[in-house]
Amino acid sequence: MENATKQTGIKNIALLVLPQVQLLDIAGPCDVFTAANLFLPDDDKFGLKYKIHLISGTPDKIIYSSSGIPLPCNHTIYDIDFPIDTLLVAGTDLGTLDDINPDLYSYLQSILGKIRRLGSVCVGAFVLAKAGLLEGKQVTTHWKYADILQRTYPDLNVNVNPFFIKDQGIYTSGGVSSGIDLALALLEEDLGKPIASEVAKHLVLHLKRQGVQSQFGNAISDYEMLSPLTKQIRDLLKDKLSQSVSIEFMAESVHMSVRNFSRVFLKESGMTPGKFLEKMRLDQAKNMLEYTDMSMDMIAEKCGFSNAVSLRRLFLKYLSISPSQYRKTCNGTV
């Protein structure tokens, strides 16, 4: 807020668009900044307005979204002729990232330090990471792809809990709708909480969402994304979560020594066998809290914990909320 009065004139907000982008990655932030113009005071003491630009990350100005809807872009990365204030890289599917022209990464590297803010929505964090702009930073992305981001770029500190993170002037946000959370936060930085709150109310949103991003997804990646060894262990454990399970038991089941099993499993899954088991138990507990009315003690027992206190510790460790808070959130009572 203290810098808001210094930011005068048109602030160009650029959304970098890639093929197969999800519409909400683009539309959410666009609507936040566009709505902000409606709530600036008549005397315009801030002296600024936002202007939205869609910029293609390819030579083509028409980009097709994941739903097949064409998005006409004002510019491409090859013909931008205006100063950018804030650039957000929208997400796409991971397969599309393999086809990105290296020119895009060069462009992003060239603008760092020349624009006021740079950020990403959802899988857009992978683009910033490949451009080398996230090294050593704490970042987030869609909960579904957080483990992949961490394994692909081990120098990053990937935190799946926040809806968005700011680290050394670069912003990353979580899955899809988290781009709205980020845009509202950027708006609050520029104009202060009162106007940001008015915009949130106008869009029928909370200025700051309760909970954490990871509560919406599974702690373990989708089955098809697991390696053959990880799938084998998951299938072994899924009916044994209420029992005491040792690493020796897991290793023996796949005819490997404990040392070799631990090494290979860590390499393929990105986590130790013990942590994998812990996350499987977390997913089972979340499912029971959502779809049953079992007591906390009963859920704890069925998930392999001695009591509800241990279950609470697990939730606080990974989700930063208690099991009872999680159940209330899922039931829409918070």
* Asked: Which one of V89, I111, L118 satisfies the side chain to side chain contact (heavy atoms under 4.5 Å, CB included) criterion with L133?
  -> L118
* **K267, NZ atom: more than 12 neighbouring heavy atoms under 6.0 Å** => no
* When you check the side-chain N and O atoms of T96 and D93, is any donor under 3.5 Å from an acceptor? -> yes
* Structure fact -> Residue set satisfying salt bridge (charged side-chain N to carboxylate O under 4.0 Å, His left out) with K114, at least two apart, ordered chain then number -> none
* To do: Show your working on side chain to side chain donor-acceptor pair (under 3.5 Å) between N159 and Q138 and close with a plain yes or no.
  => CA-CA 7 Å; N159 184 349; Q138 183 176 184; 3.0 Å; yes
* Asked: Does N307 use its side chain to pair, donor to acceptor, with the backbone of S310 at less than 3.5 Å?
  -> yes
* Whether over 12 other heavy atoms sit under 6.0 Å from E252 CD -> no
* Are F164 and L191 in one and the same hydrophobic cluster, where Ile, Leu, Val, Met, Phe, Trp and Tyr link if side-chain heavy atoms are under 4.5 Å apart? -> yes
* To do: Taking atom types as modelled, find out whether Y153 and E135 have a side-chain donor-acceptor pair closer than 3.5 angstrom.
  => no
* To do: Indicate if L311 and I321 have the same hydrophobic cluster label, given that clusters are the connected sets of ILVMFWY residues with side-chain heavy-atom separations under 4.5 angstrom.
  => yes
* Asked: Would you say the side chain of F82 lies within less than 4.5 Å of the side chain of K51, judging by non-hydrogen atoms?
  -> no
* Salt-bridge present (R263, E268; N to O < 4.0 Å) -> no
* Asked: By salt bridge (charged side-chain N to carboxylate O under 4.0 Å, His left out), which residues pair with K61, not counting sequence neighbours?
  -> D79
* Any chain of hydrophobic side-chain contacts (each under 4.5 Å) joining L236 to M280? -> yes
* Asked: Is I55 close to T76 at the side-chain level, that is, under 4.5 Å between some pair of heavy atoms?
  -> no
* Pairs touching residues 62-72 that satisfy salt bridge (charged side-chain N to carboxylate O under 4.0 Å, His left out), sequence neighbours left out -> none
* To do: Could you verify whether a donor N or O on one side chain and an acceptor N or O on the other, from D103 and Y78, lie under 3.5 Å apart?
  => yes
* Donor-acceptor under 3.5 Å (N157 side chain, K137 main chain) -> no
* Establish, from distance only, whether the side-chain atoms of H53 and N74 form a donor-acceptor pair under 3.5 Å. => no
* Residue pair I170, L112: steps toward the side chain to side chain contact (heavy atoms under 4.5 Å, CB included) verdict -> CA-CA 10 Å; I170 292 184; L112 188 65; 4.1 Å; yes
* Y171 and E189: side chain donor to acceptor below 3.5 Å -> yes
* Using 4.0 Å as the upper bound for N to carboxylate O, is an ion pair formed by D190 and R116? -> yes
* To do: Report, as yes or no, whether the 6.0 Å neighbourhood of atom OH on Y64 holds more than 12 heavy atoms from other residues, nucleotides or ligands.
  => no
* To do: Examine V158 and L266 and state if one hydrophobic cluster contains both, with Ile, Leu, Val, Met, Phe, Trp and Tyr joined whenever side-chain heavy atoms are less than 4.5 Å apart.
  => no
* **Single-linkage hydrophobic cluster I13~L71, side-chain heavy atoms < 4.5 angstrom** => yes
* Reported CG-to-CZ distance for the pair L241 and R281, which is rounded to 0.5 angstrom -> 6.0 Å
